[in-house]
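Remarks on the structure that follows.
Whatever order the structure lists them in is the order used to number ligands and atoms, beginning at 1.
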Amino acid sequence: MEQYYVIKGGIPLIGEVEIGGAKNAALAILAAAIMTDETVTIENLPDVRDINVLLDAMQGIGAKIDRLDEHTVKINGSLIQELRVEYECIKRIRASYYLLGALLGKYNHAEVALPGGCDIGSRPIDLHLKGFRALGADVTIKHGLIVAQAERLFGTHIYLDKVSVGATINIMMAAAMAEGKTIIENAAKEPHVVDVANFLNSMGANIRGAGTDVIRIFGVQKLHATEYSIIPDQIEAGTFMFAAAATKGDVTVKNVIPKHLEATSAKLVEVGCQVHEMDDAVRVISPGPMRHTQVTTLAYPGFPTDMQPQMSVLLGIAQGTSTVTESIFENRFRYVDELARMGANIKVESSIAIINGVPNYMGARVSAPDLRAGAALVIAGLAAEGVTVVDNIHYVERGYEQFEKKLCGIGAQIEKVSSEKEIQKFKLKVG
Ligand code: UD1
């Protein structure tokens, strides 16, 4: 059933919102949890579609999944029979590739369908495979499946040609039980790389240097049970911070690690917002018209590509001309045409969006082209004059838990509806 968000814009968001666990950390941690035969408990799990699809795929190969509540799961990988993860299970989530590293690390054998996920440009996994090969695995692609196998995996020295979150994590998992020492150079430094390393270490792995660009993994023979709580989602937090800014609101975003939000906070200050950091919260106050600026997406600690569409939406209603340069993915401006329907004046030239600020957006019917761009269009709708309808919200639900409810909690007028009739009803209600 197709569902839509309907939004009456122009209301400053005010209040407090709680952030959930990091989706991208959780995806890797869930996969890594099957690397022991003992039971692992994971807390602060976000209850979003990508997570539930991965859990289904894990159950499909024989892992025991016990959902204690929507944010806690117990996983036992001792009864895994099947080392093949079929396309049907995982075509909707790219991060299914983490099962490759986890299964290969534990059983020296994995077969996983080539991943799907958001269409934000060509997303190769050559670096993951290069890492597995360097550890001694034979890797081939047969009938849409990646098949990786080895007699044994051996520690080695791997230089990543590009900084890749996925490759860093996948190699770290595969190397956790390899014989000897593995060194990953030019590793990604994202908070979720650190979280996955901490998780593996809590299971008995010996990984050092996560969070720097050189990670050392000393292989161990066995991993054991653990209880682990996932870090807060920096992108969910950033999205609410930008929603506060775009609506000229005053929102305290709670249960975050402010250090992980530094690049996001810095840009908000540059455009004229106030950002107050507390121990585990940030408060964003947006006093009035915002100023233009320049942004380039970069690997952590740079400005995250997953906040790029939200940034463009904000700059679309800031004074003057801004530029947003996308340096990670080549096809991440597909939302610009949708935003133009709301009155934005944005021109894209290869990887740069040139944004001429307009006074405000006008409500329109728009379609979410991917997860983060979908969230960005919701922000535009919250700022806009009049009513906005966002289609294809299944993308947004891949990564945001109770998005509309959390927004309502800070004063937004937004509903999730499933028919034209309900859209009309909402319009009549809000006037
Ligand atoms: C992860 C995040 C995604 C985020 C991205 C960058 C998950 C599930 N997804 O994606 O939300 O936008 O990090 O922060 O955690 N590359 C290669 N070869 C490879 C792997 C990557 O060329 O084998 C390139 C990619 O095309 C891209 C760049 O490296 O240009 C970075 O990609 P990567 O960090 O791997 O992104 P993901 O792990 O897929």
For Y4, does the six-membered ring have the charged nitrogen or CZ of R365 within the cation-pi criterion, i.e. under 6.0 angstrom from the centroid and within 45° of the normal? yes
Can you find an N or O of [X] that's nearer than 3.5 Å to an N or O of ligand 1?
X: G166; answer: yes
X: K23; answer: no
X: A167; answer: no
X: F329; answer: no

Can you list the atoms of ligand 1 that are under 4.0 Å from a heavy atom of [X]?
X: T305; result: 6 (C), 12 (O), 14 (O)
X: D306; result: 3 (C), 4 (C), 11 (O), 12 (O)
X: R332; result: 12 (O)
X: Y97; result: 37 (P), 38 (O), 39 (O)

Below 4.0 angstrom, N of the basic side chain to O of the carboxylate: do [X] and [Y] qualify?
X: D138; Y: R133; result: no
X: E236; Y: R372; result: no
X: D161; Y: K130; result: yes

Distance-only donor-acceptor check, side chains N170 and H128, under 3.5 Å: yes
Establish, from distance only, whether the side-chain atoms of T239 and Q310 form a donor-acceptor pair under 3.5 Å. yes
Any heavy atom of V163 closer to ligand 1 than 4.0 angstrom? yes
Tell me, please: is P124 in heavy-atom contact with ligand 1, that is, under 4.0 Å? yes
Heavy-atom distance to atom 27 (C) of ligand 1: which of I235, I328, N170 wins? I328
The one among L298, L129, V165, N24 that brings a heavy atom closest to atom 33 (P) of ligand 1: V165
Ligand 1 versus H128: contacting region, heavy-atom distance under 4.0 Å: both
Classify the angle between the aromatic ring planes of H260 and Y300 as parallel (below 30°), tilted (30 to 60°) or perpendicular (above 60°). perpendicular
For D47, the option from K23, R398, R67 that meets salt bridge (Lys or Arg N to Asp or Glu O under 4.0 Å): R67
Check each of E70, H71, Q402, E401 against P46 using the side chain to side chain contact (heavy atoms under 4.5 Å, CB included) test, and report the only one that passes. E401
